[in-house]
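Below is one structure, written out as structure tokens; comments come after it.
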Amino acid sequence: MPRDFSIPCTEADIEGFRAVFRSLPTYNAEEKFIYPIDVTAFSKGIGYFRTPEEYAVYEQYWAKNYNGVVPMEELMTILKDLADTCSFARAMAVAYDKDGNGFFSADEFEELIECCRVHNSKVEKIGFEEFVNVADTDKDGKVSIEECVKWIEGRLKM
């Protein structure tokens, strides 16, 4: 049965999600992770039903951003944040700032927008230059984490 992830998760929900996570075939009990191949099974197991294309983006996200594994507590944090647009936006912005310099390159932005569109199909696909023009509120020619968080929030609330 689908779960409404617009409603914040309780600690009991998160414990149930951890149980599903631990039941997956690739679960590594010592390091508490699964491989991205199990993301679809996990999502279905917690009632988070998506299209095959969306599941593929999630698998790619974990493979690219977490050295090919899905750490249990990182995933639980994201699930807690799904209902809180600001927290979710911050988690996304930090994850996609791959070089950790606090600003977004065109490549980082392309991956970020793809993931945002998975979460909310109303998020329009825009080019990097337009993103900078819209999100760069201090007009320094760069988009910082904070500026990106505000931009994501605005798109996900649409």
Side-chain angles (χ1 to χ4, degrees), residues 2-3 5-6 8-121 123 125-128 131-132 135 142-153 155-156:
R3 184 193 189 287
F5 280 89
S6 67
C9 296
T10 65
E11 276 306 312
D13 292 331
I14 296 299
E15 279 309 309
F17 300 162
R18 285 187 182 107
V20 171
F21 192 94
R22 289 189 293 266
S23 74
L24 296 167
T26 65
Y27 179 64
N28 178 313
E30 185 176 315
E31 297 187 37
K32 297 184 177 162
F33 70 76
I34 60 172
Y35 289 103
I37 193 79
D38 274 341
V39 167
T40 298
F42 173 77
S43 298
K44 290 178 179 178
I46 65 167
Y48 189 65
F49 298 103
R50 313 305 284 175
T51 67
E53 295 80 18
E54 290 168 325
Y55 288 134
V57 170
Y58 293 140
E59 288 177 17
Q60 290 169 9
Y61 168 81
W62 291 104
K64 287 180 184 178
N65 293 296
Y66 292 90
N67 300 318
V69 299
V70 182
M72 181 165 58
E73 291 311 311
E74 184 69 28
L75 180 56
M76 296 307 123
T77 298
I78 289 171
L79 290 169
K80 287 178 192 174
D81 291 342
L82 275 178
D84 178 349
T85 305
C86 183
S87 294
F88 180 74
R90 180 166 309 287
M92 296 296 293
V94 169
Y96 281 99
D97 176 24
K98 302 256 169 77
D99 60 11
N101 71 354
F103 297 95
F104 283 85
S105 69
D107 290 339
E108 291 167 334
F109 171 72
E110 288 300 321
E111 290 185 32
L112 171 71
I113 192 72
E114 181 180 340
C115 194
C116 286
R117 287 175 55 78
V118 167
H119 290 286
N120 186 329
S121 60
V123 174
K125 184 160 177 83
I126 66 170
F128 183 67
F131 166 66
V132 172
K142 303 180 283 187
V143 177
S144 68
I145 296 270
E146 289 306 314
E147 289 170 322
C148 185
V149 167
K150 289 177 183 167
W151 183 84
I152 294 170
E153 283 184 285
R155 297 311 177 274
L156 292 179

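All values derive from a computational prediction rather than experimental measurement. All heavy atoms count here, side chains included; hydrogens, waters and symmetry mates do not.
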Salt-bridge criterion met for Asp13 and Arg3 (N-O under 4.0 Å): yes
Leu75 side, atom CG; Tyr66 side, atom OH - distance, nearest 0.5 Å: 9.5 Å
Contacts of type ring pair (Phe, Tyr, Trp, His ring centres under 6.0 Å), residue Phe103, not counting sequence neighbours: none
Over 12 foreign heavy atoms within 6.0 Å of CD1, Ile37: no
Pair Arg90 + Glu153, salt bridge at N-O below 4.0 Å: no
From Asn101 atom CG to Lys142 atom NZ, the distance as rounded to the nearest 0.5 Å: 8.0 Å
Sub-4.5 Å side-chain heavy-atom contact between Trp62 and Ile34: no
Pair Phe109-Val132, side chain to side chain contact (heavy atoms under 4.5 Å, CB included): steps then yes or no: CA-CA 10 Å; Phe109 171 72; Val132 172; over 6 Å; no
Sequence-distant partners of Lys150, salt bridge (charged side-chain N to carboxylate O under 4.0 Å, His left out), two or more places apart: none
Pair listing, salt bridge (charged side-chain N to carboxylate O under 4.0 Å, His left out) test, anchored in residues 19-38, at least two apart: none
Whether Tyr35 and Phe33 hold their rings parallel, tilted or perpendicular, with breakpoints at 30° and 60°: perpendicular
Validation row, ring centre Tyr96 to ring centre Phe104 under 6.0 Å: no
Rounded distance [0.5 Å steps], CZ in Phe128 versus CG in Leu112: 11.0 Å
Contact check, side chains of Phe131 and Cys148, non-hydrogen atoms, under 4.5 Å: yes
Show me, pair by pair, the donor-acceptor contacts under 3.5 angstrom made by side chains of residues 40-47, not counting sequence neighbours?
unit_1, atom_1, unit_2, atom_2, d
Thr40, OG1, Glu59, OE2, 3.0
Ser43, OG, Val39, O, 2.9

Approximate separation, where rounding is to 0.5 Å, of Glu54 CD and Tyr48 OH: 7.0 Å
Residues forming a salt bridge (charged side-chain N to carboxylate O under 4.0 Å, His left out) with Glu74, sequence neighbours excluded: none
Glu114 and Lys125 ion-paired at < 4.0 Å: no
All salt bridge (charged side-chain N to carboxylate O under 4.0 Å, His left out) counterparts of Glu53, not counting sequence neighbours: none
Between CD on residue Glu73 and NZ on residue Lys80, distance to nearest 0.5 Å: 6.5 Å
Neighbour count above 12 (heavy atom, 6.0 Å) for Asp99 CG: yes
Inter-residue atom distance Cys9.SG - Glu15.CD, 0.5 Å rounding: 12.0 Å
